[in-house]
Each structure stands twice: as structure tokens, then as C-alpha cells.
Amino acid sequence: MSARTAHGDGRSVTVRAPAKINLYLAVGAPRPDGYHPLATVYQAIGLYDDVTARPGGSGTVPVQLDLTASDHVDGSAVPLAPGTNLVHRAAELLGAHHGRTLRADVHVEKDIPVAGGLAGGSADAAATLVALDRLHDLQTPDDDLLAIAAELGSDVPFCLLGGTAAGVGRGEQVAPYADPAIVDATWWWVVVPSREGLSTPRVFAHHDRLRPDAAAEGVVVPDRVIAALASQDPELLGQVLHNDLQLPALDLRPDLVDVLEAGEAAGAVRGIVSGSGPTCVFLCTDADHAREVAERLRAAYDVVLVATGPVAGVHRVEYV
Ligand code: C5P
């Protein structure tokens, strides 16, 4: 989270929020509340949505939301009507925390693919919390923002923090890695989004069908994954990338098998489905290698992006 500057009379606050990928994701049997216990390594990568909040809204519609999207993003898939988007919910929960209704016009500039396994909706919710906090000079303590974020969704606390972090519980309990070797590393990723999104609940439900014997407890991030992160060696990290949701995602979307094969044939160290998919991410050794792999993949896929990670979590980029 960015440093706080006191201002109550601001006219516009723009906050940037990164996409996340999961370098490791172990999923257990569903809990009584329907959520799955998981152990994950999150990484924030350099693909961003920008959320701008200005004074606005009305009595009936406290938060008026609109959106523009990059060419590679299907903006029409994002619900904007009051009460349909996590942005509205973020404003409600933050307002309830302060015992007031928060009004604003909120504009989202989307560069993170929708329903892609990259936590784009969660990123917007996290950015909204920070943007409205600054716009209304609420000075909400970071711990309170994290607690509200956890209520909003499993990935939202990580979107606030960014970096490289462990996630447990249903993913909402996050702990950034402190080892400088992990903090200071730069990993190069080639990102291949999919034209059509995948529903996260559907992928989790399919996971349960394919793995009825999944353990209810004891999902952890193995030490070898943390050691590989600290090694800063892409070959070692490539060996430990793992995602329990990849099998159900590939079973629902067999075309993704071709994407993963194409990325590895293009020379990537390793390809993996991000979160619940369908975005595939490919680990590369450095900037030149990532550009080469991306160029080869562009022969077959319309949208191929290059991003580094880790990057910072939500941060203010503009205040006018
Ligand atoms: O937490 P969030 O609302 O983002 O989760 C979206 C959906 O993903 C949940 O409704 C649930 O179906 C599934 N989910 C899950 N276990 C988790 C996280 C998400 O089953 N740990």
C-alpha cells in the first residue's frame, strides 16, 4: 500500500492495481462454507487496471461506475449496474466501516483480462478501497483495509499487498515473503489470455469431481518452492511451478493444452495455467528470452503480453 497523504478536498484519485498469478496452488477438500482451503504463492505482475474516483454518485446510486478497456480485454463482460460489481461492494463495506455512505464516480481502465484467473475483479475492488479512502480522507488503517478486503474476496487482500506472498485459508490470509532474495528477484512472464473467460466456482467444482479424495487439511507450500524462489534461477522455479486447478481447467477447456504446448515449444522454461484459468503464463529466463517467446507465440495467438513480477500492490499514481 502506498504512503498516505492527507487530503479531504481532492477532486480525483487514480489508483493502480496489478494482476496476480499463482506460482504454486494446492487445493484441499471443500470446507463446510463451500470455500476450499488452499496454500498458494501469489505474485503480482506488471499488468494493471487503473481505478479513478471523483466526487459524484447520487442518493440512489452512491457509486456510479464506468469502464474503458484495452483492445485485448472484453469490457462488455464486466457488470456495471449498481450492486453488480465488486467495486460497489467495496464502497459499501468501506462506507459501513466508517458509518457513512461513500459517494463517487468511479472509472476503471481495464488492462487485466476479465474472468482470466488473474484476479482482475479483485484488483479493481482493492484499488477502489484505496481510491475511496483517499478521496474521502478516511485514513483507514492498513489492517482494517486488509480485513475489508478479505470480506470482498479471497484474492483481494493480496491485490492490496502485491509482491510475492504466501496465501492460506481460502487465500485471504496473506504473508509477504521477507527474504531479500525473494523480494528483489525479477521474473519474466509471457502471458497468453483467452478470448473466453472461465468461471472460478465452476473450476473449483470440477476440481472436486476430479479429486474427490483431496485432503481436507494440511495443504502447504513446500519448502522446495520457497527455495526455488530464493534461488532466482528460472530453471529451478520452472521445476516447482504447480497448480491444482490446472487439471480441471484443462478438462473444461482442452484448447488450453495446445496453448501450454505452444509456449513450451516456443522455448519457455515452463508454462502453467494461472489460478482458475484460462490465462496461461510462461516463465522465461530474461527480457530478451521473454520477447522471443512472445514473438513466436504471436504467430498463433492474437494477444500475447510480456510482464515482470513481482510488482507493488495497489498504489496511488495520480491525485489532482
Ligand atoms: O473469494 P471469492 O469470492 O473471490 O471466490 C469466488 C468463488 O471461487 C467462490 O464463490 C468459490 O466458489 C470459489 N472459491 C473456492 N475456494 C477458495 C476461493 C474461491 O471455492 N479458496
Side-chain angles (χ1 to χ4, degrees), residues 17-44 49 51 77-79 83-94 108 110 112-129 145-162 165-175 196-221 242-249 251-253 273-279 313-314:
K20 67 86 190 153
I21 59 178
N22 302 81
L23 310 188
Y24 185 88
L25 176 55
V27 176
R31 312 187 306 201
D33 66 1
Y35 281 96
H36 294 70
L38 53 82
T40 191
V41 176
Y42 289 113
Q43 183 162 94
D49 283 359
V51 173
V78 180
T84 59
N85 193 295
L86 268 190
V87 163
H88 301 113
R89 184 90 186 112
E92 270 168 34
L93 289 186
L94 184 64
V108 177
K110 271 205 98 51
I112 305 175
V114 180
L118 297 169
S122 302
D124 298 348
T128 300
L129 288 179
L145 284 178
L146 283 168
I148 297 168
E151 259 190 82
L152 285 166
S154 307
D155 293 334
V156 184
F158 174 72
C159 293
L160 281 177
L161 286 180
V168 294
R170 62 181 167 88
E172 89 289 14
Q173 295 165 32
V174 280
E196 257 183 68
L198 250 180
S199 144
T200 300
R202 193 168 160 231
V203 175
F204 270 106
H206 200 51
H207 167 271
D208 297 344
R209 278 192 291 275
L210 294 180
R211 286 188 56 221
D213 56 339
E217 285 164 10
V219 283
V220 291
V221 175
H242 173 79
N243 178 4
D244 272 349
L245 293 181
Q246 179 158 311
L247 190 67
D251 205 46
L252 292 168
R253 285 281 304 273
V273 169
S274 176
S276 56
T279 305
V314 296

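The residues of the chain are indexed from 1 along the displayed sequence. Only heavy atoms go into these numbers, but all of them, side chains included; no hydrogens, no water, no symmetry mates. In each ligand, atom 1 is the first atom listed, and ligand 1 is the first ligand listed.
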Any donor-acceptor N or O pair under 3.5 Å, side chains Asp244, His207
no
So Thr128 and Leu94, side chain to side chain contact (heavy atoms under 4.5 Å, CB included) or not? Walk me through it.
CA-CA 9 Å; Thr128 300; Leu94 184 64; over 6 Å; no
Got the closest protein heavy atom to atom 20 (O) of ligand 1, with its distance?
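Scanning the protein heavy atoms, the shortest distance from atom 20 (O) of ligand 1 goes to His36 ND1, 2.7 Å.
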Note the single closest protein heavy atom to atom 3 (O) of ligand 1, along with its residue, its atom name and the distance in Å.
Tyr35 OH, 3.7 Å
Which ligand 1 atoms are under 4.0 Å away from a heavy-atom of [X]?
| X | result |
| --- | --- |
| Thr200 | 8 (O) |
| Gly34 | 20 (O) |
| Pro201 | 7 (C), 12 (O) |
| Ser154 | 1 (O), 2 (P), 4 (O), 18 (C) |
| Arg170 | 1 (O), 17 (C), 18 (C), 21 (N) |

Specify side chain, backbone, both or neither for Phe204, according to which of its non-hydrogen atoms lie closer than 4.0 Å to ligand 1.
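The side chain, only.
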Supply the atom-to-atom distance Tyr42 OH to Ile21 CD1, rounded to the nearest 0.5 angstrom.
13.0 Å
Atom pair CG (Asn243) and CG (Leu23), whose distance is rounded to the nearest 0.5 Å:
10.5 Å
As a quick check of understanding, evaluate side chain to side chain contact (heavy atoms under 4.5 Å, CB included) for Glu151 and Glu172, giving each step before the final call.
CA-CA 9 Å; Glu151 259 190 82; Glu172 89 289 14; over 6 Å; no
Does atom 6 (C) of ligand 1 have a protein heavy-atom neighbour under 4.0 Å away?
no
Does Asp124 come within less than 4.0 Å of Lys110, counting only side-chain N to carboxylate O?
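Answer for the salt bridge query: yes.
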Return a yes/no value for Ser122: is any of its N or O atoms, backbone included, closer than 3.5 angstrom to an N or O of ligand 1?
no
Non-hydrogen atoms of Asp155 versus ligand 1: any pair closer than 4.0 Å?
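Heavy atoms of Asp155 never come under 4.0 Å of ligand 1.
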Side chain to side chain contact (heavy atoms under 4.5 Å, CB included), that's the test. Do Leu245 and Val27 meet it? Break it down for me.
CA-CA 8 Å; Leu245 293 181; Val27 176; 4.1 Å; yes
Nearest heavy atoms of Val51 and Ala127, plus distance in Å:
CG2-CB, 3.6 Å
